[in-house]
There are 2 protein chains.
Amino acid sequence: MTGRRRWSTEEILDTAAELLRTSDADSFSVRKLAAALGTDSSSLYRHFRNKTELLRAVADRILLTAMDGYRPEGDWKQRVTTLALRLREAFGEQPQLAGVWARFGSGGTGSRLVMEELLQALRTSGLPDEEVPARYHRIVILVAALIASEAGIGTLTSKEYEQGMEQFRVAVLGADPEHFPALSHFARDIRPLGVDRRAAFEEILAAQLAHIEAQMP
Amino acid sequence: MTGRRRWSTEEILDTAAELLRTSDADSFSVRKLAAALGTDSSSLYRHFRNKTELLRAVADRILLTAMDGYRPEGDWKQRVTTLALRLREAFGEQPQLAGVWARFGSGGTGSRLVMEELLQALRTSGLPDEEVPARYHRIVILVAALIASEAGIGTLTSKEYEQGMEQFRVAVLGADPEHFPALSHFARDIRPLGVDRRAAFEEILAAQLAHIEAQMP
DNA sequence: ACCTGAACACCGTTCAAGT
DNA sequence: ACCTGAACACCGTTCAAGT
């Protein structure tokens, strides 16, 4: 309309988040974001050094909204679990950002809120202070890896997903019993990676936390 | 030289694997592969439906070479751990393929060998047969997630990595003690996600396996 | 029967030129 | 001081035309 317009960084991030939520697959691009804002992609480079920097900023907003209204409840294991599930859900709606977060971190207020809550929960666990950082490190690696890999599957188009399922079926059900006896034996009960992710997430995390607890004095 | 030349699928996969090993960052492309083969990218589409299909085939070769010379040793936990570490190492040298594997699977002989060995190990564990598939599923999800996310960090250029480290330092060391007391307290001992990955991998997996063992009759 | 060239519809990023 | 247009150097993929 006006031909010229100054966009605030906030508006850009909002629009980017919106686009990442609605767009299917990996179709987000700087050019599309610019088009949605009604401007040229070149003008966005005044606000962000590059695309990664932009996505990191959006990822940090995801963390912020994930922490919105959060109140710690229960013992340390429940707190860690609730936190992890919140992050999982938040990135589940914006799967492209999960990969950015796991690779680059986000480095803003959102990430600080997450780190703070996780550390506070561990501090109430009875762990000696000097063991907290190492336990923290393992938990973050585990949670980030699970979320990012689940999100990676979430970015597949339904055609890609179906195709992968089909090839999985062929690999499992078509295995020669002579060379792959165990695989043939369990073939009908083996499930592909993409199913039952929420239960898997909770179980794997619970095992990790139980293990930490078991090693306490 | 000859102007015309038929490439076998084998040769294409070999060259692709080579290129993925040596190329830094995400710079692999169909066009570069074609150039390395001395042909045009369009001719590769007779051998593969698309880029993903090509990468899946290379990923399956990685699994094959990872299993090369493998002999089961020790109890079931040692077998699972050895297998997982082999995969981790194989994809560590070709980090771009880890993401493809975790998202799409590979669906060839390599993946069958891995599935077979993992199932056989679980079968010797003393788990009742009907619990094996669920335990198998969790282990694969965990191992694939850890390997892919570690590899994701491995695809960063050293500039990107340094930049991420710097921003991590700022986020942690620059946190206001009033709003982030636990973070400030542990600031100097909190480590970024990318460090100490091998130890983290082994510990997290060990916790998972110990948890399975603890639930046995 | 096989391969090539050229094209299509995109990317991220830069930078001189405009207002 | 800010924005735009145009360009650069790439992508994956398709398909008519060549040999």
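Throughout, protein chains are lettered first and strands after them, A, B, ... in sequence-line order, and every chain is numbered starting at 1. Note that this is a predicted model, so its numbers are computed, not measured. Hydrogens, waters and symmetry mates are skipped; everything else that's a heavy atom, side chains included, is used.
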Pair [X] + [Y]: basic N to acidic O under 4.0 Å:
{"X": "A/Arg198", "Y": "A/Glu203", "value": "no"}
{"X": "B/Lys159", "Y": "B/Glu162", "value": "no"}
{"X": "B/Arg112", "Y": "B/Glu116", "value": "no"}
{"X": "B/Arg31", "Y": "B/Asp40", "value": "no"}

Interatomic distance at P, C/dA9 relative to D/dA9, whole Å: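 Nearest-Å result for C/dA9 against D/dA9 at atom P: 23 Å.
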For B/Asp196, give me all partners under side chain to side chain contact (heavy atoms under 4.5 Å, CB included), at least two apart in sequence or on another chain.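 Only A/His137, A/Arg138, B/Ala199 meet the side chain to side chain contact (heavy atoms under 4.5 Å, CB included) criterion with B/Asp196.
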Salt bridge (charged side-chain N to carboxylate O under 4.0 Å, His left out) evaluation trace for B/Arg86 with B/Glu89: CA-CA 5 Å; B/Arg86 271 189 178 236; B/Glu89 196 154 340; over 6 Å; no
Nearest whole Å is fine: how far is C/dC2 P from B/Ile12 CD1? 13 Å
Residues of residues 40-48 of chain A with any non-hydrogen atom less than 4.0 angstrom from an atom of DNA chain D: list those, numerically ordered, please. A/Asp40, A/Ser42, A/Ser43, A/Arg46
Excluding sequence neighbours, so at least two apart, what forms ring-ring contact (aromatic ring centres under 6.0 Å, His included) with A/Tyr136? none
So, using ring-ring contact (aromatic ring centres under 6.0 Å, His included) as the criterion, who are the partners of A/Phe91 when residues are at least two apart?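 A/Phe91: ring-ring contact (aromatic ring centres under 6.0 Å, His included) contacts with A/Trp101.
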N/O contacts under 3.5 Å, protein versus nucleotides 7-11 of chain D?
| residue | atom | partner | partner atom | Å |
| --- | --- | --- | --- | --- |
| D/dC11 | OP1 | B/Ser29 | OG | 3.2 |
| D/dC11 | OP1 | B/Lys32 | NZ | 3.4 |

Decide whether B/Ser149 and B/Arg197 meet the rule of one side-chain donor and one side-chain acceptor closer than 3.5 Å.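 Side-chain D/A pair, B/Ser149 to B/Arg197: present.
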Can you tell me which stems involve DNA chain D, if a stem is defined as three or more consecutive Watson-Crick or G-U wobble pairs, both distances under 3.5 Å? C:4-8 with D:12-16, C:12-16 with D:4-8
Measure the CD1-OG distance between B/Ile12 and B/Ser43 for me, rounded to the nearest 0.5 Å.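 Between atom CD1 of B/Ile12 and atom OG of B/Ser43 there are 7.5 Å.
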